Amino acid sequence: MDLKENCTYVMHNFKVLKNNGQYRVCDHQFKLVFIGVTVVRECVLGDIPFRKYRFARFADLVAGQFERGLLVDVIGVVEEVVFRQVSGKGRRVVFKLKDLSQQLLSCTLWDDYCLQFVKFLDDYEGDGPITVLLSHCRIKEAQGSYPASISNSFKASKLIINQPVMEIQEFNERYFLEIVCVTVGTITRIVLDNHSWCYTACIQCHKKSDAEMAPFTCAHGKHNKEVVLRYRLKVMINEGNESTKFLLWDRECSQLIGQSADAVNKLKIEDGDVDLNASPQALDKLLGHELAFKIKVQPKFRNSAVLKCSTDSSLINVVMDMLADAEQSLSVIADHDPLLGLPLTPTKRQAFQDYDDEPGISQISPAQLSSNKLKKHA
């Protein structure tokens with residue numbers, strides 16, 4: 001009880017032993033063991049630095065490249081909660097973490113750590129990602145078809161979730177960096193998820209609204225005489241043997257389909273389908289289009305939003321040539337963007353509930369994009 005974290009002490013009379021226990025908090029050759037005559041005295045020693053976390057790379061752990069028995073620190077974004085048991089014996093929660101290299105790692109929290117994590121999930125009202133820092137983790141080696149995983153180490157670990165600590169802030173700045181790039185692909189499928197194919201929006205500010213009946217006043221105080229629908233669609237894009245999901249908004253969908261979301265919905269209702277969540281047949285007009293895309297990769301929202309696109313074959317060929325020239329990186333620097341001449345969609349994509357689809361005159365300058373480079377997203 002005399003020792004407090006981040007305080008400094010002068011201590012005497014230790015027993016010195018080999019640091020060869022089953023689980024070690026550091027890789028020093030020896031460890032100091034308190035005995036009955038050990039003396040502890042707090043003393044201000046400003047030259048001793050605070051402890052720095054040494055975060056393990058998930059790929060190294062999965063590949064078995066770690067020192068057996070040495071506890072490690074990890075930091076990552078919660079990708080998926082796989083299992084939870086919060087009552088009775090063996091309370092635990094299992095979830096997947098993702099690090100800066102997009103490598104996944106299974107993490108199990110037991111007992112009090114499990115309860116702390118589950119309570120955070122139950123109380124969390126945000127819709128953004130959850131960043132977890134866990135110190136002094138035990139590494140469980142891969143066994144058969146089960147890859148390596150981590151868990152808390154008895155009472156020695158520290159669990160920090162979405163707190164404004166320096167390490168989490170630095171991780172988030174690097175992880176949630178938005179990257180703009182150019183690529184080519186063909187729309188092969190409409191991807192259905194928890195969102196409908198469209199959303200109700202304010203006719204003036206274009207923000208999402210929960211209003212189902214008109215007239216209504218949006219959250220920004222703008223009066224609407226009618227409810228307006230706008231497209232929001234996830235589509236599967238294929239190019240060669242690679243595929244990924246892109247997020248298409250109202251302007252791109254309207255251009256490719258040739259009809260507004262309101263017009264499509266009215267035709268659907270005339271055919272007897274009044275369920276707004278049901279996918280209309282008109283969306284099939286998107287399928288088969290080969291397009292040159294400019295996208296913004298947004299790890300924070302786990303999507304790639306289409307900024308603009310074109311069916312112009314000459315532009316598609318230009319982008320294909322640039323991708324071929326890139327060879328190893330398969331990337332295109334946005335300074336050489338052949339799509340700059342197209343009508344531009346918003347430069348800043350926001351969370352779905354805050355989305356502004358048409359903010360008047362919106363421009364993307366080459367200066368904004370000149371340093372952004374991305375591998376072909378697979």
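All residue numbers refer to positions in the sequence shown, counting from 1. Quantities reported herein were computed from a predicted structural model and do not represent experimental measurements. Hydrogens, waters and symmetry mates are skipped; everything else that's a heavy atom, side chains included, is used.
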Heavy atoms only: give me the nearest Trp249-Ala305 pair and the separation to one decimal.
NE1-CB, 4.1 Å

Value rounded to 0.5 Å, distance of CD1 in Ile190 from CG in Leu286:
5.0 Å

Interatomic spacing from OG1 in Thr131 to CD in Glu167 - rounded to 0.5 Å:
12.5 Å

If you take all heavy atoms of Met11 and Phe34, which pair is closest and at what distance?
SD-CZ, 3.9 Å

Heavy-atom pair of closest approach, residues Gly76 and Phe171:
CA-CZ, 3.7 Å

Go through the structure and list residues passing salt bridge (charged side-chain N to carboxylate O under 4.0 Å, His left out) with Arg68, not counting sequence neighbours.
Glu141

Is the number of heavy atoms from other residues, nucleotides or ligands under 6.0 Å of Tyr146 OH greater than 12?
no

Determine, using the 4.5 Å side-chain heavy-atom cutoff (strictly less than), whether Val86 and Ile130 are members of one ILVMFWY cluster.
yes

Pro215 versus His223: any side-chain heavy-atom pair under 4.5 Å?
yes

Looking at side-chain heavy atoms only, is the closest gap between Lys119 and Leu115 below 4.5 Å?
no

In this structure, would Tyr124 and Leu97 fall into the same cluster of hydrophobic residues linked by side-chain contacts under 4.5 Å?
yes

Would a single hydrophobic cluster contain both Phe14 and Val40, if residues Ile, Leu, Val, Met, Phe, Trp and Tyr are joined by side-chain heavy-atom contacts under 4.5 Å?
yes

If you draw a 6.0 Å radius around CD in Gln85, do more than 12 non-hydrogen atoms from other residues or ligands fall strictly inside?
yes

CD1/Ile316 to OG1/Thr186 distance, rounded to the nearest 0.5 angstrom?
8.0 Å

So, does Ser157 use its side chain to make a donor-acceptor pair with the main chain of His136 at under 3.5 Å?
yes

Taken to the nearest 0.5 Å, the spacing of Ser304 OG from Phe293 CZ works out to 11.0 Å

For Lys96, check salt bridge (charged side-chain N to carboxylate O under 4.0 Å, His left out) against everything at least two apart and list the hits.
Glu80

Residues 9-33 vs side chain to side chain donor-acceptor pair (under 3.5 Å), sequence neighbours excluded, gives Tyr23-Arg138, Arg24-Glu67

Given 3.5 Å as the limit, does a donor-acceptor pair link the side chain of Tyr199 with the main chain of Arg230, or not?
no

Show the nearest heavy-atom pair for residues Asp99 and Ser101, with the distance to one decimal.
OD1-OG, 2.8 Å

Distance-only donor-acceptor hits, side chain of residues 261-271, under 3.5 Å, sequence neighbours excluded:
| residue | atom | partner | partner atom | Å |
| --- | --- | --- | --- | --- |
| Asp262 | OD1 | Leu229 | N | 3.3 |
| Asp262 | OD2 | Leu229 | N | 3.3 |
| Lys268 | NZ | Asp275 | O | 2.5 |

Compare every heavy atom of Ile257 with every heavy atom of Leu283, then report the nearest pair and how far apart it is.
CD2-CD1, 3.8 Å

Count I, L, V, M, F, W, Y as connected when their side-chain heavy atoms are under 4.5 Å apart, and connections chain through other members. Are Phe120 and Val118 then in the same cluster?
yes

When you measure from the side chain of Gln116 to the backbone N and O of Leu159, does any donor-acceptor pair fall under 3.5 Å?
yes

Who pairs with Asp122 by salt bridge (charged side-chain N to carboxylate O under 4.0 Å, His left out), at least two apart in sequence or on another chain?
Arg84

Counting C-beta onward and ignoring hydrogens, is there a side-chain heavy-atom pair between Leu315 and Val319 closer than 4.5 Å?
no

Do any side-chain atoms of residues 1-8 form donor-acceptor pairs under 3.5 angstrom with protein atoms, and if so which ones, sequence neighbours left out?
| residue | atom | partner | partner atom | Å |
| --- | --- | --- | --- | --- |
| Glu5 | OE1 | Lys158 | NZ | 3.4 |
| Glu5 | OE2 | Lys158 | NZ | 2.5 |
| Thr8 | OG1 | Cys43 | O | 2.4 |
| Thr8 | OG1 | Leu45 | N | 3.1 |

I'd like to know if the side chain of Tyr53 and the backbone of Leu134 have a donor-acceptor N/O pair within less than 3.5 Å.
no

For the residue pair Leu121 and Val78, establish whether any side-chain heavy-atom pair is separated by less than 4.5 Å.
no

Taking it one step at a time, do Glu239 and Met320 satisfy side chain to side chain contact (heavy atoms under 4.5 Å, CB included)?
CA-CA 11 Å; Glu239 175 58 31; Met320 290 295 291; 3.6 Å; yes

Do Arg91's NZ or CZ and the ring of Trp110 fall within the cation-pi criteria of under 6.0 Å and 45°?
no

Minimal non-hydrogen separation, Val306 against Phe246, with atom names
CG2-CB, 3.8 Å

Within this structure, what is the CD1-CG distance for the pair Ile150 and Leu71, rounded to the nearest 0.5 Å?
11.5 Å

Given Leu256 and Lys285, is the side chain to side chain contact (heavy atoms under 4.5 Å, CB included) satisfied, shown in steps?
CA-CA 7 Å; Leu256 294 172; Lys285 295 178 182 179; over 6 Å; no

Quick one: do Phe154 and Ile139 end up in the same hydrophobic cluster if we chain Ile, Leu, Val, Met, Phe, Trp and Tyr together by side-chain heavy atoms under 4.5 Å apart?
no

Judged by atom type as modelled, is there a donor-acceptor pair below 3.5 Å linking the side chain of Thr38 to the main-chain atoms of Ile35?
yes

Could you check whether the rings of Phe95 and Phe117 sit parallel, tilted or perpendicular, using 30° and 60° as the cut-offs?
parallel

Hey, what do you get for NZ (Lys245) to NZ (Lys234), rounding to the nearest 0.5 Å?
6.0 Å

Side-chain heavy atoms of Leu133 within contact of Asp73, under 4.5 Å
no

Kindly indicate whether the side chain of Arg57, heavy atoms from C-beta on, has any atom under 4.5 Å from the side chain of Phe66.
no

